[in-house]
Amino acid sequence: MTENAQQQPSAPDSELPTQYAPADVEGPLYERWVERGYFEADAKSEKPPYTIVIPPPNVTGSLHLGHAFQHTLMDALTRRKRMQGFESLWLPGMDHAGIATQNVVERELGKEGKSRHDLGREAFVERVWQWKDEYGGKILGQMRRLGDGVDWTRERFTMDEGLSQAVQTIFKRLYDDELIYRAERIINWCPRCLTAISDIEVEYQDDDGELVSMKYGEGDDTIVVATTRAETMLGDTAVAVHPDDERYKHLVGRHIKLPLTDRTIPVVADTHVDPEFGTGAVKVTPAHDPNDFAIGQRHDLESLTVMDERGVITVHGPFEGLDRFEARSAIVAALRADGRIVAEKRPYVHSVGHCSRCKTTIEPRLSMQWWVKVAPLAKAAGDAVRDGRVKIHPQEMEKRYFDWVDNLHDWCISRQLWWGHRIPVWYGPEGEVVCVGPDEEPPTGEGWTQDSDVLDTWFSSGLWPFSTLGWPEQTPDLKKFYPTDVLLTGHDIIFFWVARMMMFGLYAMDGEVPFKTIALTGLVRDQFGKKMSKSSGTAVDPLDWMNAYGSDAVRFTLARGANPGTDVPIGEDWVQASRNFANKIWNATRFALMNGATIEGELPPAERLSATDRWILSRLNKTISQVDALYDDFQFAKLSDALYHFAWDEVFDWYVELSKTTFMAGGEPAKVSGRVLGEVLDVTLKLLHPIVPFVTETLWTTLTGGESIVVADWPKDSGFRDEAAEREIETLQQVITEVRRFRADQGLQPGQRVPARLTLTGTALAPHEAAIRQLLRLQPEGDTFAATATLPVAGATVALDLSGTIDVAAERKRLAKDLAAAEKEKAQATAKLGNEAFLAKAPDNVVDKIRGRLSKADEDIERIKAQLESLPQA
RNA sequence: GGGCGCGUAGCUCAGGGGUAGAGCGUCGCCCUUACAAGGCGAAUGUCGGCGGUUCGAAACCGUCCGCGCCCACCA
């Protein structure tokens, strides 16, 4: 601290330190909020409900910035609604995240040199529960640190008893409705996770491969097929050609010899084959390719499985025991030795599916699995959006949603995992299949066993909006809070989660939608717009930034980046800027408190207010309406920006500065301004609170003595407007800015006091003389004036005594530049007004605007010329 | 192959038929009795290219170039 600062008198009215220290206040404040039950919703309340269920974070790890981002927005929404008098519920919870969690725990075990099989199913599951307790606790801690105003009494986990009941109930109901069935089909198999996964859990990427053309058959009956997966030829049971393909018509129906085996396979005609691609002939492996499986079905072909679950060849012979990729090279080599490789294309880039969890190349595999028949469910899910019962925001995302729900394949829901909801189906000794609901006893007796698989993790999260509220029981919570209001989540899980909730919600709740609005956010990126990733070290732990700059700063930064549907770049610099904003709010309120800002008593009527007061109140009320409209449209970036500029530029900068003379003078005007400033701060802090809850709480309770801003009333636009005052203050701002620029150009130090004569006739600025002199450091006029600056506003003149130190050259240079700009402006406006087509077609207000520009340009030119003439000779 | 979106200041992005904007960064002056995490002032753009519509286009239409994302059973 500098010597000067130490000499400053301490402010008697304020117990607030000169810098905001978030770390000191955030933790205790949050605990107080929770203790007082502010976030607990009451199902018996008369208030209208407002409900958001959290997208349950996976218990696989800790929260990242993307979570912090979405949580900030959901918290802001529910905090505002609470202040607006809604029974606001933000329901927290976590997802067991089946395959993802099982993988991380297996990895942990791997470090101990063990596999899950060493532990056995029961012990392994117990181990995963331990993991859940540890990492789940970490996540909950992060949420508290962020300030998430969630109802902890309603915290849920997808594997809770109640939610498991919901899973069994809906499974049974779907089964009885024949919307769940068991079938043997080609599924996406991960040879590392050793489980089936659904279509959307497969990530396609372009890989380098090799396209080989190989000759099947003997003698005249040969045909060349192309493949990237030579190893599957061991399971070929046909070659397919297009029925109209003249090249191969003679072969259709005949059998040809399959190389490297003693089998012969038929040539079949199928319209699926594209005669233009490759040789126009396709090898058909029904057990290892979905298209081939379909061909096999049409032509009644045998399906030969040639690999085990780990992708190891099981066909007796020289390739047995080889991994699928080893087998590929070995088979190509063997065929080449036989002279059967007639062409090779390498590298051959093609799209290959990978497991979204472990990136292993997916092996399509014929397998018996459980399926959800989605067509009727997806139809309802599509219709709910089509008929407007559910709105998707931003609307451009609707198309993506429709494309998916309208073209959906059945959903494979069984997983060969241990962590998850076990499928409630029992098999009997005679092949009986019994599906058991939650209250039913499973069959007993010899030979009955439960299905060993678990359900896709998205099966249970698809029930989240109602399972968390007590379904299938008709609980008061369900009645009060369903349907939920907003589902806010990233656009990356529209299909995984949002569409599934739509399907299950409409089904389970008899056609009632799970949420009225789907608000889709972008993904958080680094400061250059690149994806953050752990592997590249660009991932940021939100805790680090919260510790360094405070939760409010992180939240404000995230909210300010939240343009609907677009990705959110965020860098540490921006968090610093937000921290600075929080500190600005802090110090402005400190200043206000030192100057008697209060919310006590009625706001004085407009007649008793200065133009400055009326201006800020007019702007304040406009800002309330603006912020409300932006909130209702999920425009977080814009509302944050609007509040930032209103608070910093208009309130903390202009209003506070303009009011300083009033405060210093004291008396009744100071009291009035204190009351106005108190009002403005009260409202501004409330408007900011949903985004920056901590700093606003601290300041608001100090300012108002109120219990908590969390439960304060949300501001309402009083309708007060004063356009004349707004114009007047704008003019005042122009005058001040113009003189400041002159001063700066003249090299005057900001604090240097300068004798000046103010002539404010012809403007409405006379009452502001004291403020102008204060802001511009102008002393009462002296006797001599070496230079004169004429202000741009009609009738206002400020003559400054620069004691002969005026830099004439600099001033001439600036004036010449201004003159050129004004003349250019005049020329443009003149040209425009001389254009008859323009006059005839342009709307009146535009023409008036141009006329205004012309006359202002004229005035400026005149003024600048006069100034130039008044300058002393160099 | 189909669909969606985006190219605006050094960076990240708003805007959107009628005088080009913000934050950060840059340059200069300043501890001016709330705040140096601050104040004041300044500089910076052929709004991706080319056509068209219009009195007027950065904005609307077409087209080209560059980039991103989503979907798809390219053997």
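Chain identifiers are assigned alphabetically (A, B, ...) following the order of the sequence lines, protein sequences preceding nucleic acid strands; residue numbering begins at 1 within each chain.
The nearest whole Å value for the distance from the CD1 atom in Ile585(A) to the P atom in rA34(B) is 19 Å. Whole-Å rounding puts the Arg743(A) CZ to rA42(B) P distance at 14 Å. With rounding to whole Å, Phe556(A) atom CZ is found 11 Å from rC24(B) atom P. rC70(B) atom C1' lies 15 Å from atom CD1 of Ile493(A), rounded to whole Å. The CG atom of Asp818(A) sits 10 Å away from the P atom of rA43(B) (whole-angstrom rounding). At whole-Å resolution of the value, CG in Asn595(A) and P in rA34(B) are 8 Å apart. Here rA36(B) presents its P atom at 12 Å from CZ of Arg579(A), a figure rounded to the nearest Å. For the pair Lys345(A) NZ and rC74(B) P, the computed distance is 15 Å after rounding to whole Å.
Neither OP1 nor OP2 of rU32(B) sits under 4.0 Å from any side-chain N or O of Lys660(A). Residue Asn580(A) has a polar side-chain atom (N or O) positioned under 4.0 Å from OP1 or OP2 of rG38(B).
With sequence neighbours left out, Gln749(A) forms a side chain to side chain contact (heavy atoms under 4.5 Å, CB included) with Gln752(A). The ring-ring contact (aromatic ring centres under 6.0 Å, His included) test applied to Tyr644(A) returns Phe581(A), Trp648(A), not counting sequence neighbours. Remark: Ser303(A) engages Pro286(A), Ala287(A), Phe293(A), Leu366(A) in a side chain to side chain contact (heavy atoms under 4.5 Å, CB included) (not counting sequence neighbours). Listed by chain and number, the residues in a ring-ring contact (aromatic ring centres under 6.0 Å, His included) with Trp654(A) amount to none (sequence neighbours excluded). Take Phe646(A) and apply the ring-ring contact (aromatic ring centres under 6.0 Å, His included) test, not counting sequence neighbours, and it matches no residue. Taking the side chain to side chain contact (heavy atoms under 4.5 Å, CB included) definition, one finds that Lys826(A) meets it with Thr830(A), Leu854(A), Ala857(A), Asp858(A), Ile861(A), sequence neighbours left out. Every side chain to side chain contact (heavy atoms under 4.5 Å, CB included) that Asp653(A) has, sequence neighbours left out, goes to Glu657(A).
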Pair Val267(A), Tyr248(A) - check side-chain contact (heavy atoms from CB on, under 4.5 Å), show working. CA-CA 9 Å; Val267(A) 177; Tyr248(A) 303 120; 5.6 Å; no
side-chain contact (heavy atoms from CB on, under 4.5 Å) between Glu201(A) and Phe496(A): does it pass, once the steps are laid out? CA-CA 8 Å; Glu201(A) 289 167 286; Phe496(A) 283 104; 3.8 Å; yes
Mind running side-chain contact (heavy atoms from CB on, under 4.5 Å) on Val352(A) and Thr228(A) for me, showing each step along the way? CA-CA 10 Å; Val352(A) 177; Thr228(A) 53; over 6 Å; no
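Residue-level contact check: Arg560(A) touches the backbone only, with heavy atoms under 4.0 Å from sugar-phosphate atoms and none from bases. Across all strands, Lys826(A) comes closer than 4.0 Å to no nucleic acid atom at all (heavy-atom distances). Within the nucleic acid shown, Phe581(A) has no heavy atom closer than 4.0 Å to any nucleic acid atom. Backbone-only engagement by His645(A) is indicated by non-hydrogen atom pairs under 4.0 Å involving sugar-phosphate atoms exclusively. Within the nucleic acid shown, Glu657(A) comes within 4.0 Å of at least one base atom, counting heavy atoms only. In this structure, Asn583(A) reaches the bases: a heavy-atom distance under 4.0 Å links it to at least one base atom across the strands shown.
Set against rA37(B), rC35(B), rG23(B), the side chain of Gln19(A) has rA37(B) as its closest nucleotide. Which of rA43(B), rC55(B), rU33(B) sits closest to the side chain of Met664(A) comes down to rU33(B). For Glu825(A), whose side chain is taken as the heavy atoms from C-beta onward, the closest listed nucleotide among rC30(B), rU19(B), rC55(B) is rU19(B). Of the candidate nucleotides rU32(B), rC30(B), rG23(B), rC30(B) has the atom nearest to the side chain of Gln749(A).
Nucleotides of RNA chain B nearest to Asp641(A) and Gly751(A) differ in position, and the one nearer the 5' end is that of Asp641(A). Mapping Tyr20(A) and Tyr348(A) onto RNA chain B by nearest heavy atom places Tyr20(A) closer to the 5' end of the strand.
Panel note: side chain Asn563(A), backbone Thr566(A); no donor-acceptor pair is recorded below 3.5 Å. Listed for the Asp410(A) side chain is a donor-acceptor partner under 3.5 Å among the backbone atoms of Val374(A).
Spacing between rG41(B) and rG52(B) at atom P, rounded to whole Å, works out to 44 Å. Here, rA57(B) and rG66(B) have their P atoms 28 Å apart, quoted to the whole Å. With both ends at atom C1', the span from rA14(B) to rU33(B) equals 38 Å, rounded to whole Å. Of the P atoms belonging to rC4(B) and rC60(B), the separation is 16 Å, rounded to the nearest Å. When the C1' atom is compared between rU8(B) and rG45(B), the two are found 8 Å apart, to the nearest whole Å. Nucleotides rA42(B) and rC55(B), compared at atom C1', are 36 Å apart to the nearest Å. For rC74(B) and rG17(B), the C1' atoms lie 45 Å apart once the distance is rounded to whole Å. A gap of 10 Å separates the P atoms of rG49(B) and rA59(B), to the nearest Å.
Under 3.5 Å, the side chains of Asp270(A) and His299(A) contain a donor-acceptor pair of N or O atoms.
For residues 831-840 of chain A, no residue pair satisfies the side chain to side chain donor-acceptor pair (under 3.5 Å) rule, not counting sequence neighbours.
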For nucleotides 4-18 of chain B, 5' to 3', base contacts (B), sugar-phosphate-only contacts (S) and non-contacts (-) with protein non-hydrogen atoms under 4.0 Å give S-------SSSS--B
Polar atom pairs (N or O), protein with nucleotides 39-41 of chain B, under 3.5 Å:
unit_1, atom_1, unit_2, atom_2, d
rG39(B), OP1, Lys584(A), NZ, 3.3
rG39(B), OP1, Trp648(A), NE1, 2.7
rC40(B), OP1, Asp653(A), OD2, 2.9

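Between Ser673(A) and Phe663(A) the shortest side-chain heavy-atom distance falls below 4.5 Å.
Of the residues in residues 278-290 of chain A, those lying under 4.0 Å from RNA chain B by heavy-atom distance are Val282(A).
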A correct dot-bracket answer for RNA chain B, with pairs being Watson-Crick or G-U at under 3.5 Å, [ ] for crossing pairs and | for inter-strand pairs, is ((((((((.[[[[.)..(..]]]].(((((.......))))).....[[[[[..)....]]]]])))))))....
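Look at Asp641(A) and Lys638(A) and you find no salt bridge, because none of the NZ, NE, NH1 or NH2 atoms lies under 4.0 Å from a carboxylate O.
The neighbour count for Asp844(A) CG, taken as heavy atoms of other residues, nucleotides or ligands under 6.0 Å away, does not exceed 12.
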